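Below: one structure, written as structure tokens.
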Amino acid sequence: MTTLQPARSLSRAKVSSSHEPSRAELLEYYLIHHEDLARCTYASLEWLARYAGTKRSMCLVADHDAGVLMGVAGHGVPSEAVDLFTWPLSDERDPLVAALAAPAPVVIQPGRVDGQVGKATPATPLGAGPFTAIPLRGVNAAEQNAVGLLLLRPGAASSGDISWLATVLGQKIDQIRGRGSLAEEVRQLRRERALLFTIVNSVTDPILLTDTEGRLILANARAEKLFAATEEESEGRRRAVELNNMLFSAALSRTAVEGQSEARELLLVDPSEGSDLLFEVLSSTVEDPREGTGIVSVLRNITDLRRATEQIEENYQRLRMLEATARAERDRLNLIIDSVADPIIVTDPVGETVLMNAPAEDLFTVPGDAPDTAERNVQSNDAHFSSFISGLLLGETGPGEIRRGEIGLANPMSSEPIPVEAIAGKVQSESGELTAVVTILHDRREALERAHLYEQLKLGSEELQARVQAATAELATQNELLRRQAIELEQASRLKSQFLANMSHEFRTPLNAILGYTHMLLQGVAGDVLPAVKRQLQRIDSNGRHLLTIINEILDITRIEAGKMPIQVTDFDANEIVPEVMAELEAVISRSKLTVTPTLAPDPPFVRGDRQKVKQIVVNLLSNALKFTHQGGVDICVSAEPGTQMVSISVSDTGIGIAPEHHERIFEDFRQVDDSPSRQYGGTGLGLAISRRLATAMGGRITLHSNLGQGSIFTLAIPMEAPQ
Ligand code: ADP
């Protein structure tokens, strides 16, 4: 017998103010009607605990036939210790044996018994320490030896209830003993009880028997673990047990209030591990005519069951989610397949079509109102397609591979041939099993057309390339030719310049001699000259000087081109140039009958350059102005251009003007606006070309503002430098 504790109350014991009803209760329910020794004694000890406050107690019965004292019941002590307790009656000096014969309760102290020093305290299940042994007398109280002993702790407790109980219990034991052999009864009792306890304890579910007020009458070992704890056990365990008791009481009272009902769940605490335990409580009421109404509760541990249920629920939810995902995935796939412009066909492992998008339907289905040819075309398309994928289904490709090929299909309605490129791939399950074949057909007409165009383009491009190469070679030849011509021209130009320079030089010497002699003749060195001869001589002089000017200009330009015209840079006052130029051209001015108006700069404008060359330029500009102006006047204006550090000498006239398209040309060598042989104005066309070159050599420039018939303004600008 492992364990089965005697009755313990699940709820706090109610203490009656009067003992009479409780005594009556004990007598009524246990001692009068029961003939069961163990039940009577247990009930008595429980009663004592409740009403006299005894913490530990034990009942011993004397079996004189066997010569022993036997434990029958206990309270607050382990039941197996009570069951196993026997004490020999042979030693009369033994404190317990002596107590049997004692007239009144005996307090047995450690180390001594009523003055018998040296006798050891008997070892009882009550534990070490003093206890009171009360002799239980039979019906014939005068009999010397009591029928049993009531052992109580703490030691000296003695009250009316205790002595009353000792009296009635003694008489009850005596009465039961009177019916037969006490020892045999006790043994029988123990056997039955042991069997019952074994059965109940072997049940793995906790089983509890409670009275209608919730007091625990019986609990098996499993229930003990949940609902009982001794004081020696840990605080945590005791608290868990207390909590379990409260929860169970609450559940029982609910059952009582709501009536007999089906199983209900009860959440308890595992006192050893502290984890939650979920039980299903099945309570049923048992009626006993003598014991009254009791409630048997069987607790079934459904913690694992609940966990498994939750797991199943969770798996089910997960499955539903996966199903929804798969459905969404399929919808998405359908959408994708439908939105693809190329025909897509999904076939099952035996080659039956299970899905196709709209473009595929156009090729493989016959519209309702289609002609017979359409049906034939669709059959032909089907045959071509089936033959293509049969290769894949027969395993000509390895797993996961794709098959490519070209199929000749036809438009069912128009019978127009449609060459397509077919790409088919296997869809396999996780276990490698073939589940479907997806085939995409790509119309190759556009690609073929493009390839054709590309070929043409390539041919055209190659032809063009050949032509470009030929043209490039031609160009290279031309370039070479031009280069040679340029070299030749350069050489010719150099020779021309050289020739002109030589010739000019050669011309100048005899011309100067002619002018010299003419001058001498006019001066009368060779005697008086007749007026008619003098006029002729003056014409020779005039024409000779004109020729000299031309020769000088040609010489200048050839010198400049040959780089033989050095610039003598000095700082000078530009204002001084104007009167000098006017003086030099005085004869021309007076001949032209034009008014030349000089306007000088208020502050002497110093410039940096070749004074002689500046003067030469201004002479050229003024002589041109006088030459191309028939009426009006000419202005020469010197000014400093603020901000640019330049000094300007501008010559403006009211002459014939120059059209804008000639503005640049007239600065070229030998260029004139009118360069026809019958031109009206003389000149070489070199004056402005020389002037611009000289201005540039000094860091300056010549600009022109003019329009045909509106006069001209030529402006020379040269760099200024502040006087030292
Ligand atoms: P030339 O005066 O010897 O012909 P230039 O080089 O000095 O050579 O001038 C070139 C040409 O520019 C002139 O022939 C003339 O046609 C034009 N030209 C120059 N100055 C003026 C001007 N002030 N008014 C009109 N035309 C002019």
Side-chain angles (χ1 to χ4, degrees), residues 497 500 504 507-508 511 542-561 565 577-578 581-582 584-585 587-589 591-599 612-638 648-697 700-717:
S497 295
L500 283 175
S504 301
F507 283 152
R508 260 190 354 158
L511 188 57
S542 161
N543 281 293
R545 285 187 190 283
H546 182 60
L547 185 61
L548 186 62
T549 309
I550 292 168
I551 291 168
N552 279 340
E553 282 185 346
I554 291 171
L555 200 58
D556 277 354
I557 200 95
T558 49
R559 270 200 205 135
I560 290 169
E561 279 190 354
M565 177 73 101
I577 298 289
V578 177
V581 170
M582 284 176 69
E584 198 171 316
L585 292 177
V588 185
I589 293 169
R591 245 199 332 268
S592 71
K593 298 194 179 66
L594 293 168
T595 318
V596 177
T597 313
T599 309
Q612 196 50 45
K613 306 257 175 349
V614 171
K615 196 172 149 190
Q616 185 183 341
I617 294 167
V618 180
V619 166
N620 183 44
L621 295 180
L622 182 57
S623 61
N624 275 352
L626 294 169
K627 186 165 39 170
F628 296 104
T629 305
H630 305 298
Q631 55 190 15
V634 176
D635 290 339
I636 305 181
C637 179
V638 183
S648 302
I649 303 171
S650 66
V651 178
S652 47
D653 62 53
T654 53
I656 59 169
I658 306 157
E661 64 266 26
H662 291 123
H663 282 193
E664 267 307 306
R665 289 182 61 204
I666 57 171
F667 286 94
E668 292 172 10
D669 296 352
F670 303 106
R671 277 285 183 198
Q672 291 175 314
V673 171
D674 178 8
D675 49 8
S676 65
S678 57
R679 64 182 184 273
Q680 190 186 344
Y681 304 98
T684 56
L686 283 171
L688 286 176
I690 293 168
S691 297
R692 177 171 269 187
R693 281 187 172 87
L694 293 177
T696 308
R701 62 179 183 274
I702 297 173
T703 52
L704 165 62
H705 288 278
S706 181
N707 263 315
L708 205 57
Q710 292 176 13
S712 311
I713 306 168
F714 284 88
T715 305
L716 165 70

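In each ligand, atom 1 is the first atom listed, and ligand 1 is the first ligand listed. Sequence positions, counted from 1, serve as the residue numbers for this chain. No experiment lies behind these values; they were computed from the predicted model shown.
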Between [X] and ligand 1, is there a nitrogen or oxygen pair with a distance under 3.5 Å?
{"X": "Gly687", "answer": "yes"}
{"X": "Lys627", "answer": "yes"}
{"X": "Gly657", "answer": "no"}
{"X": "Asp674", "answer": "no"}

So if I count the atoms of ligand 1 from 1 in the order they appear, which ones are less than 4.0 Å from some heavy atom of [X]?
{"X": "Ile656", "result": "25 (C)"}
{"X": "Ile658", "result": "25 (C), 26 (N), 27 (C)"}
{"X": "Ala625", "result": "23 (N)"}
{"X": "Arg671", "result": "10 (C), 11 (C)"}
{"X": "Asn620", "result": "7 (O)"}
{"X": "Ser712", "result": "24 (N)"}
{"X": "Val673", "result": "16 (O)"}

How about Glu661: does its CD atom have over 12 heavy atoms from other parts shown lying under 6.0 Å from it?
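More than 12 heavy atoms, drawn from other residues, nucleotides or ligands, come within 6.0 Å of this atom.
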Which residue from Phe628, Tyr681, Phe670 reaches closest to atom 13 (C) of ligand 1 through any of its heavy atoms?
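Of the listed residues, Phe628 has the closest heavy atom.
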Pick from Glu668, Arg665, His662, Gln672: the one approaching atom 14 (O) of ligand 1 most closely through a non-hydrogen atom
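Among Glu668, Arg665, His662, Gln672, the closest heavy atom to atom 14 (O) of ligand 1 comes from Gln672.
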Between Leu686 and ligand 1, find which residue part has any heavy-atom pair under 4.0 Å and reply side chain, backbone, both or neither.
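Answer for Leu686: backbone.
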Below a 4.0 angstrom heavy-atom separation, can you tell me which part of Thr629, side chain or backbone, both or neither, approaches ligand 1?
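The answer is neither; Thr629 stays 4.0 Å or more away.
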Any Lys/Arg nitrogen of Glu664 or Arg671 sitting under 4.0 Å from an Asp/Glu carboxylate oxygen of the other?
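Not counted as a salt bridge, because no side-chain N and carboxylate O are separated by less than 4.0 Å.
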Strictly below 4.0 Å, N to O, side chains only: are Arg693 and Asp669 in salt-bridge contact?
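Yes, charged N to carboxylate O under 4.0 Å.
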Check contact between Phe714 and ligand 1, using heavy atoms of the residue and a distance below 4.0 angstrom.
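Distance cut 4.0 Å: Phe714 passes for ligand 1.
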Look at [atom] and say which protein heavy atom is nearest, naming residue and atom and giving the distance to 0.1 Å.
{"atom": "atom 7 (O) of ligand 1", "result": "Asn624 ND2, 2.8 Å"}
{"atom": "atom 23 (N) of ligand 1", "result": "Asp653 OD2, 2.9 Å"}
{"atom": "atom 6 (O) of ligand 1", "result": "Leu688 N, 2.8 Å"}
{"atom": "atom 3 (O) of ligand 1", "result": "Thr684 N, 3.0 Å"}

Under 3.5 Å donor-acceptor, Ser648 side chain and Ser650 backbone
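Flag not set: sc Ser648 to bb Ser650 has no pair under 3.5 Å.
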Does His663 reach the main-chain N or O of Ser706 with its side chain, forming a donor-acceptor pair under 3.5 Å?
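At least one qualifying donor-acceptor pair exists.
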